[in-house]
Amino acid sequence: MAERPAASTAPELVLETETGVTVMTPARDYHVGRDPLSDIVLDDDRVSWHHAVLHPEADHWTLQDEHSTNGTYADGRRVHERGVGPGTVIRFGSPTDGPCAVLTGLAASAPQRPSTVSRPALTGTFREPTSVRPLPTRTVRIGRAADNDLVVDDLIVSRHHAELRIHADGSYEIADLGSHNGTYLNGEPVDSADIGPGDIIGVGHSDFCLVGDELQQYVDTGEVSLDVQDISVSVDRGRKRLLDQVSFPVGEKCLLAVVGPSGAGKSTLMNALTGLRPADHGTVLYDGRDLYHDYPELRQRIGLVPQDDILHAQLTVHAALSYAAELRFPQDTAKTERRARVDEVIRELGLEERAGQHVHSLSGGQRKRVSVALELLTKPSLLFLDEPTSGLDPGMDRSVMHMLRGLADDGRTVIVVTHSVLSLDVCDRLLVLAPGGKVAYYGPPGDALAFFGFEHWPAAFEAFDQDSDRDWAGEYRASPFHRRYVAEAGNQPKVPRQGPVILGPPPRPRSWGGQLRTLVRRYSAALSADRTFLAIMIALPFVMGGMTRALAGGELTRKNALNVLLILCVGGVLTGAANAVRELVKERVIYQRERAVGLSRSAYLMSKVVVLGTVTMLQAVVLTLVGLYGVDLKAPGGDGVVMPPLAEITAAVALLSFTAMTLGMLVSALVRKEEVTMPLLVLLALVQVVFCGALLPLDGVPGLEQAAWLVPSRWAFGAMAGTLDLRRISPGDLTRDPLFAHTLDTWLLGIGMLAVLAVVFGWLVLRLLRRHEPVVMRK
C-alpha cells in the first residue's frame, strides 16, 4: 500500500457520498469498494470489491482505478489515474448513474495553538459527524445532565463532566470538572489543556474536534475497525516468542474467530489486543487510532468476557448486573438510570425470563449470556470473548455463536477465541494461529480447510502438532489469501511503534468509599444467599462450643484447663480460616476483570475483611459463650488481668479468629486452584495445635520458639492462660512459659501480637493480589 510522502502538503478534503461524509487527511490512502473493510463502502453491484483508491501526493490527491470491472469516472471521463481536488465529481461503475462522490475543500482553519499533549495522526478515525455546531463564543459545559450546554447521553459520562472554555484571543481550552471516568485530549487524560484544530477531545463514547469554524461531535456507536500490524510478544528476555509478526484487519460489524492448537498464542493475542498485556513490538489501530497511545481513553470501549464466568453464582441475574453497573458507572449515576440500562441489556440478550433466577441455576449457555450482558452494560464497541463455548454441548455451542453473530450485526466488532470449530460458518473471518504464534491463515472460514489441504479440522490440528518442520506462516504469506485479506484489505497505513508502551491504570468510576460500600453489600448478599455456607457458619461455633463445654464441666481444673484452652484455640482458628480460605481463589477471575475496569485493590480486600471479619468475630463470641458461660473461671489469685475472665477470653478468641481469617485469605491468595485449599486448611489447623504451647514446651527451644512467633494460636493461648493464671491452676513444665504469666504486660503482648499478625497477613494478601492482576494494573 502506498505511504504518505514525507513532505506531503496535500490539502485536507471532504468526500461526500450518499452514505456519508469522509474527512480525508493526507496521512494515508482511502480505498473505495464494495468490501465492508473499505474506507468508503459503496453497496452497488456495479462497484468492484476493490474499486479505486485516493492517494495523497506531494501537494495534491490522485485518484487511481484498481482494475475495476466497470470503471471509475472523474468529471464524466473514465480514468485509470488522475489528479483530483475540490470540485471533482467521481462516479463508480457508470459515468451517468453510478454511485457518486464529490470532493470539497475544508474551510480555512485558524492558526493552531501548541497543545500540551502530543497530537496523534488522524487517520480516518472519524467518518461522518454525529452533530455539527458553530464554534462556541462562550464557555460550554459538557455532561450527562440536562442542564449542560452540550448534553452527552452516555452513562459513563458524569453529570457535569467537562467545560470547553474560550480564551480572550479566541483560542480554546478543555477542562475536566472532576469527572469519574476522565476527559481526554488526543487519547491522554488531562485536567485542563489548550486545544486547536484537529485535536480530539474524548468524553465517554463521544469525541469532539474543531474543524474550521465548527465543533464536530463523533459518537462511537460501535461500528469500528481494528487493524493489527506486526505485533510480537516475547518472554524469558526475548528467548521465547509467543506471537510472531501477527497482522490482520478486522472490519466493522465483523465476527472474527481465532483458533489454533494449544500453545499457539491465542490468549496472548487476546491480552495484546485488549491492552491487558501490550505487545512488545507492532501496533494495534482502533479505527485508525493507536490503541496503545490512546489506551487511557479507548479502554472504556473494549469489553472482555473471560473463559470462566465473571459472576457471583449466588446472586440473581438482575442483582449481579445491578451490582456490576453500580461499580462501573460514575458515582453520580442515579439508581433509576442504572436500572434502566440493566433492564435494556437483559432485553437485548433475551434474559427477561431469567432475570429473577439465581446464576448458579442457569445452564452453561445462559450463564455465558449473563457474562456477555455484564460487559455490554458500558456499550463497548469491541467485544472479546475467551473460549465462550468451553464445556457446552453442540446445541449450546451454536446458540452462543449465533448470539455473537447477532451482537456483531447490531453494530459491534466481536472477536472470539475458541477451540470449537462447530460454528465457524457464522463468522465473517477466521484467524488460525500455528505453534509459535504465527498466522497460518486469515480469511473466510469456509476456505480454510481447503487451503490447508484437509477435509476435517481434527486432521489439520494434528498436522500443526506433528508437522513441525512445515512453514505454515510462509505458505500463507505467499498465498492469494494473504494478499487479498491482509495486504490489500488493511484500510490503515503502517504506524511503526515509537518507544515502549507505558499504560497506566484506569480511573475509578466510583470513589474508594463508594466502591467499598457496593462491594460490602454485594458480598453480604452473596453470602446470605449461600444456604450451605450459612448452615456451616452457624453450626461450627455451636459444635466447637459444645465440645468445649463438655470438657470444661462446671469449672476449670488441673485436669481439663489445658484441653479447654486448646479446643478454644482450634475452634477459633477453624472458624476464621475456614471462612476465608476459598474466598479469593474462587473469585479470582471476577477480581481480575473488575480490577481491569477500575476496581480498587484495597477496597476489594477491605470488603472481605469487613464482612468476613464481622461474621468470624460473631462466631468466636458464640463459640466462647457456648463453651464457657456459667463455668467458674476465677483465677486462684483473683479475677482476670484487666476485665472479667470470660470477657478477656472472649476477646482473645475473637481476635484469634479474625487473625486466622486473614491467614486464610493469605492461603487463598497464594494458591492457584480452589481444590488445594481444604488440605491446606487441615495443615493450618495442625500447625496451630502444635505451636500453641499446649502440647510441648516452646520457651527456650531454639528454632521452635522463633517459629511459634508467627503462629496466631501461640499468642491467643498465652493471653487466655494469663487470664486464668494457668500456672497456678495446672502447674508443670508446660505452664512455666513466660507468656502464660498472669500480668498485664504479657496479656497485652499476646493481644497486641495477634493484631500485628492480622495486619501483616492483610498486607501480604494485598501484595499477592497484585500478582494475579493484568500487567497494566501492576502499578
Side-chain angles (χ1 to χ4, degrees), residues 541-542 544-558 560-576 609-610 612-662 688 692-694 708-709 711-731 734-759:
F542 282 98
M544 299 300 295
M547 294 171 60
T548 304
R549 186 55 180 256
L551 283 172
E555 63 176 335
L556 295 186
T557 65
R558 181 188 182 108
N560 66 13
L562 276 172
N563 291 333
V564 167
L565 296 187
L566 178 60
I567 292 296
L568 286 175
C569 279
V570 173
V573 168
L574 283 179
T575 53
V609 171
V610 169
L612 286 180
T614 301
V615 171
T616 296
M617 296 184 79
L618 287 175
Q619 287 177 301
V621 171
V622 172
L623 163 63
T624 310
L625 293 181
V626 170
L628 297 182
Y629 186 76
V631 177
D632 184 5
L633 301 176
K634 184 175 291 188
D639 289 334
V641 178
V642 292
M643 295 182 291
L646 183 59
E648 287 187 10
I649 293 176
T650 301
V653 175
L655 194 50
L656 170 64
S657 296
F658 184 88
T659 306
M661 177 207 70
T662 60
Q688 304 299 316
C692 72
W709 293 347
V711 178
S713 62
R714 166 69 166 155
W715 303 102
F717 191 92
M720 290 188 290
T723 293
L724 297 176
D725 199 358
L726 194 60
R727 290 178 169 182
R728 297 190 182 188
I729 293 178
S730 181
L734 287 175
T735 58
R736 292 197 187 100
D737 196 316
L739 292 181
F740 298 172
H742 184 70
T743 64
L744 177 61
D745 290 343
T746 55
W747 189 84
L748 291 177
L749 175 63
I751 295 297
M753 282 302 298
L754 285 173
V756 169
L757 287 175
V759 172

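As the structure is a computational prediction, the values presented were derived from the model and not from experiment. Along the sequence shown, residues carry numbers from 1. FYI, side chains are in, hydrogens and waters are out, and symmetry mates aren't considered; it's all heavy atoms of this structure.
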Notebook entry, point to check: Do the side chains of L724 and I649 get nearer than 4.5 Å, heavy atoms only?
Noted result: yes
Item checked: Pairwise distance OG1(T575) to CG(L618) - rounded to 0.5 angstrom -> 11.0 Å
Check: What residues, two or more places apart in sequence or in another chain, satisfy side-chain contact (heavy atoms from CB on, under 4.5 Å) together with A654?
Finding: M617, A620
Next item on the list: Sequence neighbours left out, what passes ring pair (Phe, Tyr, Trp, His ring centres under 6.0 Å) with F740? Give chain and number order.
Entry: F717
Notebook entry, point to check: If you measure from CE on M720 to CG on L566, what distance do you get to the nearest 0.5 Å?
Noted result: 9.0 Å
Next item on the list: List the steps, then state whether side-chain contact (heavy atoms from CB on, under 4.5 Å) holds for C692 with V711.
Entry: CA-CA 7 Å; C692 72; V711 178; 5.9 Å; no
Notebook entry, point to check: Considering residues at least two apart in sequence or located in another chain, which fulfil the side-chain hydrogen bond (donor to acceptor under 3.5 Å, both in side chains) criterion with T743?
Noted result: T746
Next item on the list: May I ask you to test the Q688-P712 pair for a side-chain heavy-atom distance under 4.5 Å?
Entry: yes
Next item on the list: Identify, with sequence neighbours excluded, every residue that meets side-chain hydrogen bond (donor to acceptor under 3.5 Å, both in side chains) alongside T624.
Entry: none
Checklist line | L565 CG to L562 CG distance, which is reported to the nearest 0.5 Å | finding: 7.0 Å
Checklist line | Sequence-distant partners of L744, side-chain contact (heavy atoms from CB on, under 4.5 Å), two or more places apart | finding: V641, V642, L748
Next item on the list: Grab the two heavy atoms, one from A660 and one from G572, that are nearest each other, plus how far apart they are.
Entry: CB-O, 4.3 Å
Notebook entry, point to check: Step by step, would you call R549 with V564 a side-chain contact (heavy atoms from CB on, under 4.5 Å)?
Noted result: CA-CA 8 Å; R549 186 55 180 256; V564 167; over 6 Å; no
Next item on the list: State which residues pass side-chain hydrogen bond (donor to acceptor under 3.5 Å, both in side chains) with T616; sequence neighbours excluded, sorted by chain then number.
Entry: N579
Check: Would you find a donor on one side and an acceptor on the other, under 3.5 Å apart, between the side chain of T548 and the backbone of G627?
Finding: no
Notebook entry, point to check: Ignoring hydrogens and geometry, is there a side-chain-to-backbone donor-acceptor pair from E648 to T723 under 3.5 Å?
Noted result: no
Next item on the list: Run the numbers on L568 and L628 for side-chain contact (heavy atoms from CB on, under 4.5 Å), then give the verdict.
Entry: CA-CA 10 Å; L568 286 175; L628 297 182; 3.7 Å; yes
Notebook entry, point to check: CG/L656 to CG/L623 distance, rounded to the nearest 0.5 angstrom?
Noted result: 9.5 Å
Side-chain donor-acceptor distances from residues 749-759 under 3.5 Å, at least two apart:
none

Checklist line | side-chain contact (heavy atoms from CB on, under 4.5 Å) partners of V622, counting only residues at least two apart | finding: P541, F542, V626
Checklist line | Spatial distance of atom CH2 (W747) from atom NE2 (H742) [nearest 0.5 Å] | finding: 11.5 Å
Check: Under the side-chain contact (heavy atoms from CB on, under 4.5 Å) criterion, do V570 and V573 qualify, and how do the steps go?
Finding: CA-CA 5 Å; V570 173; V573 168; 5.9 Å; no
Notebook entry, point to check: Got a second to check how far F658's CZ is from T614's OG1, nearest 0.5 Å?
Noted result: 8.5 Å
